[in-house]
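Everything on this sheet refers to the single structure shown next.
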Number of protein chains: 2
Amino acid sequence: MTATAGTSHVRARRREQTRTEILAAAWRLAERDGIAGLSLRELAREVGMQAPSLYTYFESKAAIYDEMFAAGYRELDAMEADLEVDPADPVGTLAASGEAFIDFCGASLARFQLMFTRAVPGWEPSPGAYAVSVASYQRSVDEFARLGIDEPRHIDLLTALFAGLASQQLANDPGGDRWRRLSREAAEMYVTHVTRGRRQR
Amino acid sequence: MTATAGTSHVRARRREQTRTEILAAAWRLAERDGIAGLSLRELAREVGMQAPSLYTYFESKAAIYDEMFAAGYRELDAMEADLEVDPADPVGTLAASGEAFIDFCGASLARFQLMFTRAVPGWEPSPGAYAVSVASYQRSVDEFARLGIDEPRHIDLLTALFAGLASQQLANDPGGDRWRRLSREAAEMYVTHVTRGRRQR
DNA sequence: GTCTATAGGGTGATAGAC
DNA sequence: GTCTATCACCCTATAGAC
């Protein structure tokens, strides 16, 4: 009995390891073929299995996309947690955030497509996966608040600004910095705008 | 001989008409299934043909995407040609441009995906189709110049701002106006920034 | 847990009859 | 110009042997 319980622990670990391996292979293939081009047969081949064996580890292809989607937001969250927020220097803080966000998007086109566009016909994140993205967004909102940015329309304007820099960078100068290098100027423009007239009030 | 030449004229017209019909059906299907989900068999069914007959009108599926891509940029161009550019009112002009651009993107998700994202795995526009997009961009640049916007980095900042508003609107509030309504504020922020200190010089 | 086999579709593209 | 037939694949998912 003790032995069986012991091995089941080991098995659960192994299982998790295999799942991780499959997901890593899925990212590699998605990078190469686009997120919508991911195929289970090829994914199985990549990890040395036959396609049906994947169903031991994931319920469906949609479940794989779900895990990847949630992982993307967890990575974004971790990246943001590493950024320093200096309430005394909103421009510097936002410029650094913008660059980090563009770098994050540029580091994986497949991840960008999965997280921010609707590139997979017929798939959308499950409620569970979606909740991870909402939590990540909430975290960003909290950090913006520390910079004195708290009006909803100002937050929406900021996300649009960063999303725009990133999407232009990826679509029109992938691997370059034509839009990335505008981060500081964009941050100055934005901060000037949201703090405009604040001292008068 | 004269008769043959006459009929060949009619045939060329008919052919062009059929091509137009096929492209219209392609847009309908792409709207429904996503641009990457377009299938030639279904497209043929939609126009009452068998799939191989499409090859009489288009060399390949990529050629169909090419025509759609070029048509998208011609439509964008036509839309912009209808906008009034008032050099005395850059904020109003840009606010209207931004709204029009967001409306243009929102009017067809398939068109947006085809023109501005890389949603079709394995396809990119042919040089000819790409040239149409470059011409359209050049036209925008010329109109920005009439507003006194001529520094390349300012133009890039503006395209990022509009692209960001549109992509956030489509991804997070399709059919709504959560980001669209920020167009005027964004234009004010932007114009204040690019004209900052101009009088001093 | 992994396999083979297969269900039940789908895909773009081509050959050749009419 | 349109068709049928077909090539040579692709796909996700399931049943059931081992």
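Chain letters run A, B, ... following the sequence lines, proteins first and then strands; every chain starts at 1.
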- Charged N to carboxylate O below 4.0 Å: is that the case for B/Glu124 and B/Arg118?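 No salt bridge links B/Glu124 with B/Arg118.
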- Are the charged groups of B/Arg32 and B/Glu42 less than 4.0 angstrom apart, N to O?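 The answer is yes: the pair qualifies as a salt bridge.
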- Hey, can you pull the residues of residues 15-23 of chain A with a non-hydrogen atom under 4.0 angstrom from DNA chain D?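 Close to the strand, none.
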Distance-only donor-acceptor check, side chains [X] and [Y], under 3.5 Å:
X: B/Gln168; Y: A/Thr159; value: yes
X: A/Asp86; Y: A/Thr93; value: no
X: A/Glu185; Y: B/His154; value: yes

- Message: Just N and O in the side chain of A/Ser53: are any of them under 4.0 Å from OP1 or OP2 of C/dG1?
- Response: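 Negative; the distance criterion is not met.
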- Message: It should be established whether A/Tyr55 places a side-chain nitrogen or oxygen under 4.0 Å from OP1 or OP2 of nucleotide C/dG1.
- Response: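 For C/dG1, OP1/OP2 do not have a side-chain N/O of A/Tyr55 under 4.0 Å.
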Taking [atom1] from [X] and [atom2] from [N], how many angstroms apart are they, rounded to a whole number?
X: B/Lys61; N: D/dC10; atom1: NZ; atom2: C1'; result: 12 Å
X: B/Ile64; N: C/dG12; atom1: CD1; atom2: P; result: 9 Å
X: A/Glu59; N: C/dG1; atom1: CD; atom2: C1'; result: 18 Å
X: B/Gln50; N: C/dG12; atom1: CD; atom2: P; result: 14 Å

- For DNA chain C, find the residues of residues 33-44 of chain B with a heavy-atom distance under 4.0 Å and give them by number; none if there aren't any.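 Those residues are B/Leu38, B/Ser39, B/Leu40, B/Arg41.
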Candidate nucleotides [options], ranked by approach to the side chain of [X] - the nearest:
X: B/Tyr57; options: C/dT4, C/dT11, D/dG1; value: D/dG1
X: A/Met49; options: C/dC3, C/dA13, D/dA13; value: C/dC3
X: B/Thr56; options: C/dG1, C/dT14, D/dT2; value: D/dT2

- Query: Relative to the ring of A/Phe104, is the ring of A/Phe101 parallel (under 30°), tilted (30 to 60°) or perpendicular (over 60°)?
  - Reply: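 If you compare the ring of A/Phe101 with that of A/Phe104, the planes turn out parallel.
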- Query: Under 4.0 angstrom, heavy atoms only, what part of the nucleic acid is A/Phe58 near: base, sugar-phosphate, or nothing?
  - Reply: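 Answer is nothing: A/Phe58 stays at 4.0 Å or more from every strand.
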- Message: The test is side-chain contact (heavy atoms from CB on, under 4.5 Å); show your working for B/Thr192 and A/Thr192 and say whether it passes.
- Response: CA-CA 9 Å; B/Thr192 301; A/Thr192 301; 5.5 Å; no
- Task: Check step by step if side-chain contact (heavy atoms from CB on, under 4.5 Å) holds for A/Ile149 and A/Leu94.
- Result: CA-CA 11 Å; A/Ile149 300 161; A/Leu94 288 182; 3.9 Å; yes
- Query: For the rings on B/Trp179 and B/Phe162, is their centre-to-centre separation under 6.0 Å?
  - Reply: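 For B/Trp179 and B/Phe162, the ring centres are not under 6.0 Å apart.
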